[in-house]
Amino acid sequence: MLKTHYCGELKKGLVGSKVTLAGWVDRRRDHGDLIFIDLRDRTGIAQVVFNPQISKKSHAVAEQMRSEYVLKVTGEVSLRPSGTENLKLPSGAIEVIADEVEILNTSKTPPFYINEDTEVDENVRLKYRYLDLRRERMLKNLILRDNVVKFVRDFLHDKGFLEIETPILIKSTPEGARDYLVPSRLYPGQFYALPQSPQQLKQLLMVAGVEKYFQIAKCFRDEDSRADRQPEHTQLDIEMSFVEEEDILKLMEELFTGLIEKVKPDKRVIKPFPRINYKDALEKYGSDKPDLRFGMEMRDLTDIAGQSEFSVFKKVVADGGKIKGICAQGCADYTRSQLEELNKFVQSYGAGGLLTFALGSAPGDINNLTSDTVKSVAAKYMTLEQIKEIGQRLDAKLGDLILVVAGKPKVVDKALGELRREMGQRLKLADPNLLAFAFIVNFPLFTWNEETKHWEPEHHPFVWPWPEDVSILEKNPGKVRAHCYDIVCNGFELASGSIRIHTPELQRRIFRFLGYSDAEIEEKFGGFLGAFEYGAPPHGGIAPGIDRLVMILAGESTIREVMAFPKNQNAVDLMLEAPSVVREEQLKELHIRLRDD
RNA sequence: GGCCUGUUGGUGCAGCGGUUUAGCAUAUCUCCCUGUCACGGAGAAGAUCGCGGGUUCGAAUCCCGCACAGGUCGCCA
């Protein structure tokens, strides 16, 4: 090794000993005769002093040093003269008096600050990601991610899980997201697909008798990116045989609570994780991934508001719609332009508009509400009693603002749910140190797609329906319940899993119901179903997203901040400049001719 | 594909129709400095204000189009 110690290791105990450090120039402070260098490596920063009276030669070298130069320094660890200690640095009580130094490499002036935590344009950061990762924030995120993955591996190994790799080149299947395809050289016109997840493979491992499997698995989906979605992401893929839903949930709760305790002990977790029915989540929060760090639950007001003379409400009720509201505490003083902003907000989610009731001006009991202190366009078409009743249902007080959306049930839930999220953020209702985990359970097996006019799997086609519902599978598909569960945390879907179908008959029946012909089933899933003829055990699993988990733990707002080399929103790697054109010979080998359209 | 936001020296920001010769901070370069730690001091260099059109006597500033980026809807079993 070119070094005997790491910068972050230097402690008072080493005073008097000779050490050799190697790292990067974080900062140089040149006092003419005396030069201080903050030397940085992965573990931290150590101050190196170049004194011409100790070594004229080293001092001359130090005069040439610039930010990010790579150095090897040898010298004695010394206590700093009293009064010059730096309490901000862990190594601030000591310094290294350099007597030998070598510049291992020079550096151009970096395009942005490595040694300061300032916002830098993400294009520039991604282009120079190798420099961006030198910054403390990124290094911390990489270390956190390593800690998370290590904990998970140890935890699952202790529980008897086998870590098994599955291939990256697999078969394209219908359903789900758009596949990334890889052309086959040996088979003209044929393609591999990159896995959207190792779903079928892990089920086949259960048929193989592995019983407890996990993998830190790369997954690929050729869909548009978001703050929490990238073309490739990492899942903790888990599958177990002879389990019931309860076993998986218990395991996950133990994993996550243990993990937080170990890697983020400063975060608060509510135990046990609440379990919320899918239907209730939509009803109360308008989302299947609610942020449970704050309340502000939605309440149905259709029965009250529908009684009023307000034409908007009457029409919505006549059309079979519903009317729901939330209560924003202390927001009765919102200005017209603030309200208009919120109106636009709900409209962007398809709602006709937002109806507001400002309840008085000063805080007080809702029963003291008077008609002249209610501000709302609907007020004159409603009785004071009706407005009070709405307020009571939403636990509102005087001084609060009631926000109401009316329309088609799905649109109301979506728009008001997003508004709840937005208001929670504006009012800073969510405790940043709280991790509000919850299980979302009792999903329906199918969901009706209005556009294709088909029933589609709510989750995926391998989910085990409740046995007592199997008889109504074809007759009343919307009523079939699924052994399917999500883990949500702070408004993000962190994991998704299910107990799987393990008999070929039922699996075929589901495929047929979803509209596949027997020939298609054979072609797309023949191998998979064949395996199930040979004693497939009951099994199930779950797959938490590592990127999202680490993002939440790191307090970051995009998963790009916890990935070493992410792509931008348009799926471009700005550093490698991928994707790129390839040589004509490569295309020829792959039997590919480009279309020009 | 739709909607919203942004684009000003290397980086971060200000300027939002007229003494602006585009300002500030920081980085960079030169010189000075033996106890700094976001060292300090003096000086220098560095920008056709994303691109293209238009309005105007006059545009970084107003309008239109385009590009790029971010957020989001659609999409994401």
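Please read all numbers here as calculations on a predicted model, not as lab measurements.
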If you measure from the [atom1] atom in [N] to the same atom in [M], how many Å do you get, rounded?
N     : M     : atom1 : value
B:U28 : B:G18 : P     : 35 Å
B:G46 : B:G9  : C1'   : 6 Å
B:G53 : B:G71 : P     : 32 Å
B:U36 : B:U72 : C1'   : 48 Å
B:A14 : B:C49 : C1'   : 13 Å
B:G43 : B:C33 : C1'   : 15 Å
B:U61 : B:G54 : P     : 14 Å

Please determine, for [N], whether a Watson-Crick or G-U wobble partner exists with both distances under 3.5 Å, and give it or none.
N     : value
B:C57 : B:G18
B:C37 : none
B:C24 : B:G12
B:A47 : none
B:C75 : none
B:U7  : B:A67
B:U30 : B:A42

Point to revise | 5'-most by nearest nucleotide on RNA chain B - A:Asn123 or A:Asn86 | key: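 Between the two, 5'-proximity favours A:Asn86.
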Next on the checklist: With nearest nucleotide decided by heavy atoms, which residue, A:Pro111 or A:Pro461, maps closer to the 5′ end of RNA chain B?
Outcome noted: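 Final value for this comparison: A:Pro111.
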[X] side-chain proximity, nearest of [options]:
X        : options             : value
A:Phe112 : B:U11, B:C76, B:U36 : B:U11
A:His31  : B:C37, B:G70, B:G35 : B:G35
A:Arg27  : B:U72, B:A38, B:U36 : B:A38
A:Arg29  : B:C37, B:A38, B:U30 : B:C37
A:Tyr349 : B:C73, B:U36, B:G12 : B:C73
A:Glu116 : B:G70, B:U26, B:C75 : B:U26
A:Glu223 : B:C75, B:A27, B:G71 : B:C75
A:Arg229 : B:U72, B:G35, B:C76 : B:C76
A:Leu89  : B:U28, B:C37, B:U30 : B:C37

Please state how far atom [atom1] in [X] lies from atom [atom2] in [N], giving the value in whole angstrom units.
X        : N     : atom1 : atom2 : answer
A:Asn51  : B:U36 : CG    : P     : 15 Å
A:Gln569 : B:C4  : CD    : P     : 16 Å
A:Ile94  : B:C37 : CD1   : P     : 19 Å
A:Glu422 : B:G71 : CD    : C1'   : 12 Å

Residues at least two apart in sequence or cross-chain that pass salt bridge (charged side-chain N to carboxylate O under 4.0 Å, His left out) with A:Asp518, listed by chain then number, are A:Arg512
| query | Under 6.0 Å between the ring centres of A:Tyr485 and A:Phe443? | reply |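 They do not qualify: ring centres at least 6.0 Å apart.
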Notebook entry, point to check: With a 6.0 Å cut-off on ring centres, are A:Phe439 and A:Tyr278 close enough?
Noted result: no
**Prompt:** Counting heavy atoms not belonging to A:Glu100, are there more than 12 under 6.0 Å from its CD?
**Reply:**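 At most 12 heavy atoms, drawn from other residues, nucleotides or ligands, come within 6.0 Å of this atom.
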### Message
Can you tell me how the ring of A:Phe513 sits relative to the ring of A:Phe446, calling it parallel under 30°, perpendicular over 60° and tilted otherwise?
### Response
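A:Phe513 and A:Phe446: tilted rings.
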Is any NZ, NE, NH1 or NH2 atom of the basic residue among A:Glu232 and A:Arg221 found under 4.0 Å from an Asp or Glu carboxylate oxygen of the other?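 No.
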How would you label the contact of [X] with the nucleic acid (heavy atoms, under 4.0 Å): base, sugar-phosphate, or nothing?
X        : result
A:Asn115 : nothing
A:Lys344 : nothing
A:Thr173 : nothing

_Please confirm whether the shortest side-chain N or O distance from A:Lys88 to OP1 or OP2 of B:A38 is below 4.0 Å._
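Checking A:Lys88 against B:A38: at least one side-chain N or O falls below 4.0 Å of OP1 or OP2.
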Next item on the list: Compare side-chain N and O positions of A:Arg125 against OP1 and OP2 of B:G70 and report whether any pair is under 4.0 Å apart.
Entry: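 For A:Arg125, the contact criterion (side-chain N or O under 4.0 Å from OP1 or OP2 of B:G70) is not met.
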Any side-chain donor paired with an acceptor under 3.5 Å for A:Gln215 and A:Asp237?
->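 The criterion, which ignores hydrogens and geometry beyond distance, is not satisfied for A:Asp237 and A:Gln215.
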Does a donor on one side chain sit under 3.5 Å from an acceptor on the other, for A:Gln196 and A:Asp179?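 On atom types as modelled, these side chains qualify, holding a pair under 3.5 Å.
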Handout entry: From A:Lys202 atom NZ to A:Thr166 atom OG1, the distance as rounded to the nearest 0.5 Å
Key =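 OG1 of A:Thr166 is found 10.0 Å from NZ of A:Lys202.
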Fill in: Within residues 520-530 of chain A or reaching into it, pairs that qualify as salt bridge (Lys or Arg N to Asp or Glu O under 4.0 Å) - sequence neighbours excluded
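Those involving residues 520-530 of chain A are A:Arg508-A:Glu522.
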query: Can you find a donor-acceptor N/O pair under 3.5 angstrom joining the side chain of A:Tyr128 to the base of B:G10?
result: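 For A:Tyr128, whose side chain was compared with the base of B:G10, there is no donor-acceptor pair (under 3.5 Å).
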Those residues at least two apart in sequence (or on a different chain) that pass ring pair (Phe, Tyr, Trp, His ring centres under 6.0 Å) with A:Tyr213 are none
In short, side chain to side chain donor-acceptor pair (under 3.5 Å) pairs touching residues 415-429 of chain A with sequence neighbours left out are A:Glu341-A:Arg426, A:Lys414-A:Glu418, A:Glu422-A:Arg426
Per-nt protein contacts along nucleotides 43-48 of chain B (heavy atom under 4.0 Å; B base, S backbone sugar-phosphate only, - none) come out as ------
N/O to N/O distances under 3.5 Å, protein versus nucleotides 49-52 of chain B:
none

